[in-house]
Amino acid sequence: MDASDVLSLCKRRGFLYPSYEIYGGVAGMYDYGPLGTAMRNNIVEIWRRLYTLGEGFVEIDSETVGPEIVFKASGHVDEFADKMVKCRSCEEAHRADHLVKELHPNPSILKDKELDDLIRTRGVTCPACGGELSTVEEFNLMFKTVIGPGSGRVGYLRPETAQGIFVNFPNLYRFNREKLPLGVIQVGRGYRNEISPRQGVIRMREFNMMEAELFVDPEDKGWPRFNDVKDEKLKLFANDGREMELTVGEAVEQGVICNQVLAYFMWFTQEFLKSIGVDGERLRFRQHERDEMAHYAADCWDAEALLSFGWTEIVGIADRGCWDLSRHIKFSGVDMTAFKRFDTPHEVERDAIKPKYGLLGPKYKALGAKIGKALEATDPALMENNAVTVEVDGEKHVIGKEMFDIVRVKEKVSGVKVIPHVIEPSHGLDRITYTCLEHAYAQKGDMEMLRLSAAIAPIKFGVFPLMARDDLDKVAMQIDEDIRYSGIETFYDDSGSIGRRYARMDEIGTPYCITVDYQTIEDGTVTLRERDSQSQVRVNVKDLPLVTRAVLCGANIDQFVVADGSE
RNA sequence: GCAGGUGUAAUCUAGUUGGUUAGGAUUUUAGCCUUCCAAGCUAAACGCCCGGGUUCGAAUCCCGGCACCUGCACCA
């Protein structure tokens, strides 16, 4: 089996289509067909319920286009821009900052011009062939656009949904009645102008993600349900080279995973993936190397699935620390802290500066009030030579002792402001969907089938009349309608031999088929056929409302089997 | 973005020293037949990646583009 078998089936059967195919297609873009969309929706719904109903997260939906400052703050505008040079003789592309590693302590901070100069003056040549190098070109992986008409404002398509959550933190924190932990999820598209999209839906330029951002107290990275899962196993590949299978509890005790909440959500991710049909044997967690870590991450574990492409990241679970909120505080000036209330308020005494506004005003005119505020915020311990330095509107002012008093103040402190830390399980929905397809793909002789888990299968029941005559079709159509009206997806089919119809359903992963035959007319029973075992049992038509729900939940159906009817 | 390879129907594929109407299989559709796992019969629909050039004549040769695969680079 390789990816092209799976992709070919996906196209043939309506899971995935290359985008804009009639115009020749665009690399890195795929459309979901009817079955792919249904299946993906099922995955999203399962995920959503696990987080919202299971763990109390709330869901939001934010804009996909944002103004430049958002992504300046997030670091994406700068971190995503790779500075490239090309060799003029062999055409090989290189990253400019990598080429001058030995010539500069921190080449990543250099501007294009400075990199250029460094390359020229030190005579750096192409490492592959020794040829002359081109000037530095920026390649930014962000899709740029303009908000509004004319020159408008520069905007970008979001590279991740997470920023939409971070910028809403003050609103959401208030919504959560100013308490931590606060969990927020978002499902949506992100955009990255990949240099070289490959491998079907594994690397796309426009892709779907399911992101969860959990804001926690930086000093309390525990999780209430941690104890319930501490004996569950995780397959871990740490960045010190160790491969091991540990329980969640052991991993935290031994410091392999840095805190409880990260470990809990790794387990949670594993259970989610298994529940939608990802093969546990082909699933592992790999810790990012130090130099692989994103610009914001303090620690990061990838859930990787083994695909025909090799081990592939499908979920990244990162401790983003306070990076994002700190940056947005800095760029927006908005207080994005959480207030951590002490059990009992502390009474503290401290020295404070009390400005003499009567003197500041005449001397500094309009600046006086601002300088006064700045003085109030300054710690008297910073006084040197009987003066303190304050900065107002970007200018430093040295204020002599004659301009203020130092007073002892008593303050009641009922808590502290903290910048919450963020634990982020970020799921590549397209990769997860594809993993489900590939892990479900099986060949039986010449036949292909998808052993999709019933939970995500786009069609749950095929409903057939054995023959499309003698009223068998009418009965089958009625059964089909009843099941659909009860909220379960079915597919009615009366064309071709019964075997062909089963095969068609196997191919799109339908877990069960119901067949109306002549015996149905006599005794009101139908056959229920299970995809993976191909076994059949007879059940009563009048039990179908129960049976259909029960089998989808994995119930043993023996209780519904009509006594002597099974074969 | 570079290098190499590939591109024939929804899918898999045959077919070039350039030469009649591009062949097969699967799928799909209509009908016949058929009492549970891709049966059979009849018929139908659907194709040379796109554009330009060479030529009396191009699926075939040349150029450009696009897409896919492999490698390099990239991959928050």
Side-chain angles (χ1 to χ4, degrees), chain A residues 2-5 7-14 17-29 33 71 74-76 78-82 84-87 89-95 98 127-128 134 137 139 141-142 159-160 162-163 190 192-200 202-205 207 288 292-297 300 302 309 312-313 316 318 320 323 424 426 428 444-449 462 464-470 472 495-507 513-521 526-531 534-536 538 567:
Chain A
D2 64 43
S4 63
D5 293 332
L7 285 170
S8 149
L9 184 148
C10 284
K11 181 171 177 206
R12 197 154 35 85
R13 285 300 175 182
Y17 307 125
S19 296
Y20 309 109
E21 199 182 9
I22 62 168
Y23 292 108
V26 177
M29 298 189 177
F71 302 109
S74 73
H76 289 102
D78 299 319
E79 295 291 328
F80 264 31
D82 287 330
M84 310 282 286
V85 287
K86 259 193 282 178
C87 172
S89 51
C90 75
E91 301 276 345
E92 185 95 1
H94 303 280
R95 279 186 54 174
H98 287 184
S134 73
E137 288 170 43
F139 186 86
L141 288 117
M142 301 261 285
E160 56 174 8
Q163 295 307 323
R192 297 176 189 180
N193 202 1
E194 296 287 350
I195 296 174
S196 170
R198 286 279 170 84
Q199 301 164 325
I202 298 302
R203 174 162 304 144
M204 299 208 294
R205 292 204 163 110
F207 58 102
H288 275 205
E292 182 187 6
M293 217 85 78
H295 58 271
Y296 50 69
C300 184
D302 284 345
F309 309 111
T312 305
E313 172 193 354
R320 293 175 77 132
W323 205 85
E424 176 196 70
S426 173
K444 267 200 330 206
D446 290 342
M447 303 208 282
E448 293 175 303
M449 61 188 295
F464 319 135
L466 188 58
M467 298 291 145
R469 62 181 193 209
D470 300 329
L472 297 187
S495 93
S497 71
I498 192 73
R500 172 174 306 219
R501 284 177 266 165
Y502 287 142
R504 272 197 281 252
M505 288 296 107
D506 289 347
E507 208 175 13
C513 293
I514 291 168
T515 302
V516 170
D517 58 15
Y518 287 95
Q519 196 181 329
T520 309
I521 310 285
V526 290
T527 62
L528 177 66
R529 177 243 193 207
E530 200 263 340
R531 178 193 63 211
Q534 287 196 328
S535 63
Q536 288 185 13
R538 289 203 82 89
E567 46 181 318

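Hydrogens, waters and symmetry mates are skipped; everything else that's a heavy atom, side chains included, is used. Here is the naming used below: chain letters follow the sequence lines, and residue numbers restart at 1 for every chain.
Nearest to the side chain of A503(A), among rA38(B), rC36(B), rU11(B), sits rA38(B). Residue Q534(A) has its side chain nearest to rC37(B) when only rC37(B), rU29(B), rA39(B) are considered. Nearest to the side-chain atoms of D517(A) among the listed nucleotides rU11(B), rC36(B), rA38(B) stands rC36(B). Nearest to the side chain of R12(A), among rA38(B), rA10(B), rU35(B), sits rA10(B). The listed nucleotides are rC12(B), rU35(B), rC37(B); the one nearest the side chain of Q536(A) is rC37(B).
Salt bridge annotation for E21(A)-K11(A): present, with a cationic side-chain nitrogen under 4.0 angstrom from a carboxylate oxygen. A salt bridge is absent between R501(A) and D506(A); no separation between the charged side-chain nitrogens and carboxylate oxygens falls under 4.0 Å.
Although no hydrogens or angles enter the test, the distance criterion places no donor-acceptor pair under 3.5 Å between the side chain of D470(A) and the main chain of L472(A).
When heavy atoms are screened at a 4.0 angstrom cut-off, T515(A) is found touching base atoms of the nucleic acid. Counting any heavy atom pair closer than 4.0 Å across all strands shown, G14(A) reaches no nucleic acid atom. Using a 4.0 Å heavy-atom cutoff across all strands shown, Q199(A) reaches sugar-phosphate atoms only and no base atom.
To the nearest whole angstrom, the two C1' atoms, one in rA44(B) and one in rA9(B), are 14 Å apart. Spacing of C1' atoms, rC32(B) relative to rG23(B), comes out at 28 Å, to the nearest Å. Distance noted for atom C1' between rC2(B) and rU8(B): 29 Å (whole Å). As rounded to the nearest Å, rA22(B) and rU60(B) have C1' atoms that lie 12 Å from one another. Comparing the same atom, C1', in rA14(B) and in rG24(B) gives a spacing of 7 Å after rounding to whole Å. Rounded to a whole angstrom, the distance from the P atom of rG31(B) to that of rU16(B) is 41 Å. Going from the C1' atom of rG64(B) to that of rU28(B) covers 37 Å, rounded to whole Å. Distance noted for atom P between rU11(B) and rC68(B): 15 Å (whole Å).
Within 3.5 Å, no donor on the side chain of Y23(A) pairs with an acceptor on the base of rC66(B), nor the reverse. With hydrogens and angles left out, the side chain of R529(A) and the base of rC37(B) share a donor-acceptor pair within 3.5 Å.
When Watson-Crick and G-U wobble pairs are counted only if both distances are under 3.5 Å, rA59(B) pairs with no nucleotide at all. Base-pair partner of rU20(B): not found among the strands shown (Watson-Crick or G-U wobble, both distances under 3.5 Å). Using N1 to N3 plus N6-O4 or O6-N4 for Watson-Crick, or N1-O2 and O6-N3 for G-U wobble, each under 3.5 Å, rA14(B) pairs with nothing. Nucleotide rC74(B): unpaired (no Watson-Crick or G-U wobble partner with both distances less than 3.5 Å). For rU42(B), the paired base is rA30(B) (Watson-Crick or G-U wobble, both distances below 3.5 Å).
At rA39(B), one or more side-chain N or O atoms of S497(A) fall inside 4.0 Å of OP1 or OP2 (strictly under the cut-off).
Per the geometry, CG belonging to L141(A) stands 8 Å off C1' belonging to rC74(B), to the nearest Å. When rounded to the nearest whole Å, the span between NZ of K11(A) and P of rU27(B) equals 18 Å. Residue L466(A) contributes atom CG, which lies 11 Å from atom C1' of rC37(B) at whole-angstrom precision. Across the protein-nucleic acid pair, E21(A) atom CD and rC46(B) atom C1' stand 14 Å apart, rounded to whole Å. Between R469(A) atom CZ and rG31(B) atom C1' there is a gap of 14 Å when expressed in whole angstrom units. Distance CZ (R504(A)) to P (rA10(B)): 19 Å, rounded to an integer number of Å. Between the CZ atom of R501(A) and the P atom of rU35(B) there is a distance of 12 Å, rounded to whole Å. The nearest whole Å value for the distance from the CD1 atom in I202(A) to the P atom in rU70(B) is 12 Å.
For the pair F71(A) and P159(A), the tightest heavy-atom approach, listed with the atom from each and the gap, is CE2-CD, 3.5 Å. Between R504(A) and S495(A), the shortest heavy-atom contact is NH2-O, 2.5 Å.
Scored by the side chain to side chain donor-acceptor pair (under 3.5 Å) test, R205(A) finds N193(A) as partners (sequence neighbours excluded).
Annotation: cation-pi pair R529(A)/Y502(A) present, NZ/CZ under 6.0 Å from the ring centroid and within 45° of its normal.
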